[in-house]
Amino acid sequence: MKSILAVKNINKTFYSDWGEVEALRSISFACSKGEFISIVGPSGCGKTTLLRIIAGLENPNEGEISIEGNHAKGPGNDRAVVFQDPRLFPWLTVEKNAAFGIQNLSKEEVKSKLDSILKLVGLENFRKAFPYELSGGMAQRVAIARAVAFKPKVLLMDEPFSALDAQTRARMQLELVNLWQKTGKNIILVTHDINEALLLSQKVLIMSSSPGTIKETVEVPFSYPRDVDTTEFLRLKKHITSNVF
């Protein structure tokens, strides 16, 4: 299957007055069209640094990122990022926050896209609301809507549900699977939650402790929706957990 995203031999070292820290070493993997990949690993292994390099927000010392065979240097409309914090503009309504990346389109095109994406994330009745009027889960839905509105080829997510309560997080996980299935987006999710990785993704990349390397790639064979209580799920969770910690 054709790769949409290719990460090739990424190395990253941070330099400071008190020395240098090798964050990533020889990271390589590919993301096929429509694939959902999760990245897990111990704290400080470089998961977020890797995501930022893929997004073009950080430069590697060596290696390259390519999208559909084209070298991707710096940020671009072919990639979008959803952070832990929704990072909404407090003075803009839900619809204006969601439309922030498509302001170059005509009013008719913007309205059409917003009608579709706000319905997809369940916020069609809250388009005139301001961020302070939203729950944490709703605010993160706006952030996701903003990220997918301009149709990036790859959606990058850095612990997007970590600040939510357990019930809201579970609901958002289901909604993300629904969005992925409806849009066919390539998604790369960084998470500390192995349950989350197994619930959502088709493939899990396990990173080693610093310097971060890809220790193992685990294919997730389960169909959707997934049951966390099956023997097979628990066995795979135990295997990944033993390789992360």
Side-chain angles (χ1 to χ4, degrees), residues 4-5 33-38 48 51-52 54-57 67 75-191 193 196 199-201 224-225:
I4 296 297
L5 166 73
K33 183 175 176 60
E35 194 170 29
F36 195 139
I37 294 176
S38 288
T48 294
L51 204 74
R52 288 178 60 83
I54 296 171
L57 301 175
I67 305 291
N77 286 343
D78 48 11
R79 289 149 289 154
V81 187
V82 178
F83 298 96
Q84 293 181 36
D85 185 293
R87 303 189 183 187
L88 304 181
F89 298 107
W91 59 89
L92 297 180
T93 60
V94 164
E95 63 180 359
K96 289 183 178 179
N97 266 290
F100 189 78
I102 54 173
Q103 295 174 343
N104 59 317
L105 302 179
S106 69
K107 287 184 178 180
E108 292 76 17
E109 288 177 302
V110 169
K111 184 180 184 307
S112 176
K113 283 181 175 289
L114 283 180
D115 288 346
S116 174
I117 196 64
L118 291 179
K119 184 176 181 180
L120 188 62
V121 298
L123 291 174
E124 65 268 35
N125 295 325
F126 295 88
R127 57 195 309 149
K128 299 299 183 183
F130 286 90
Y132 74 87
E133 298 175 297
L134 306 177
S135 67
M138 292 169 73
Q140 198 61 289
R141 285 189 223 172
V142 180
I144 293 171
R146 179 178 58 193
V148 302
F150 58 87
K151 295 187 176 181
K153 298 186 186 307
V154 183
L155 180 60
L156 305 167
M157 310 186 82
D158 186 12
E159 295 274 6
F161 310 138
S162 61
L164 304 178
D165 63 84
Q167 186 176 7
T168 303
R169 182 170 188 154
R171 186 170 66 249
M172 291 294 295
Q173 288 168 346
L174 291 174
E175 291 178 358
L176 180 59
V177 169
N178 179 57
L179 182 145
W180 167 64
Q181 291 176 328
K182 286 185 175 180
T183 63
K185 285 273 175 262
N186 287 78
I187 298 180
I188 298 180
L189 170 74
V190 163
T191 180
D193 188 331
E196 182 168 80
L199 276 171
L200 301 181
S201 54
Y224 298 90

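No experiment lies behind these values; they were computed from the predicted model shown. No hydrogens, no waters, no symmetry mates; every other heavy atom, side chains included, goes into these values.
A distance of 11.5 Å separates CG of L57 from OG1 of T48, quoted to the nearest 0.5 Å. With rounding to the nearest 0.5 Å, the separation of CG in L105 from NZ in K111 is 14.5 Å. A distance of 10.0 Å separates CE in M157 from CG in L51, rounded to the nearest 0.5 Å. Remark: L199 CG to Y224 OH distance equals 9.0 Å, nearest 0.5 Å. Going from atom CD1 of I144 over to atom CZ of R146 covers 11.0 Å, rounded to the nearest 0.5 Å. L155 contributes atom CG, which lies 7.5 Å from atom CG of L176 (distance to the nearest 0.5 angstrom).
Counting only distance, with no hydrogens or angles, the side chain of D78 and the backbone of K153 share no donor-acceptor pair below 3.5 Å. Not a single donor-acceptor pair under 3.5 Å links the side chain of R79 to the backbone N or O of L156. In this structure, Q181 contributes its side chain and N178 its backbone to no donor-acceptor pair below 3.5 Å. Of the possible donor and acceptor atoms, none in the side chain of R127 sits under 3.5 Å from a partner among the backbone N and O of E95. Judged by distance alone, with hydrogens and angles left aside, the side-chain atoms of Q140 form a donor-acceptor pair with the main-chain N or O of F83 at under 3.5 Å.
Contact check for D193 versus F161: no side-chain heavy atoms found under the 4.5 Å cut-off. Taking the side chain as every heavy atom from C-beta outward, L5 and I188 approach each other to under 4.5 Å. For the pair Q103 and V110, the minimum side-chain heavy-atom distance is 4.5 Å or more. Looking at S201 and I37, their side chains never come closer than 4.5 Å, going by heavy atoms from C-beta outward. In this structure the side chain of K151 reaches within 4.5 angstrom of the side chain of K113, judged on heavy atoms. Counting only heavy atoms from C-beta outward, the side chains of W180 and L200 never approach each other to under 4.5 Å.
The minimum heavy-atom distance between L164 and R169, with the atom names listed, is CB-N, 4.2 Å. The two atoms that bring T168 and G137 nearest to each other are CG2-CA, 3.8 Å, heavy atoms only. In terms of heavy-atom proximity, P90 sits nearest to P131 at O-CD, 3.7 Å. Smallest separation of non-hydrogen atoms from I4 and K33: CG1-CA, 3.5 Å. Contact between A149 and A98 at its shortest, heavy atoms only, is CB-O, 3.7 Å. Between F36 and L189 the shortest heavy-atom distance is CE2-CB, 3.9 Å.
Relative orientation of the W91 and F89 rings is tilted, given thresholds of 30° and 60° on the angle between their planes.
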Between V148 and T183, does the side-chain contact (heavy atoms from CB on, under 4.5 Å) criterion hold? Intermediate values first, please.
CA-CA 9 Å; V148 302; T183 63; 5.9 Å; no
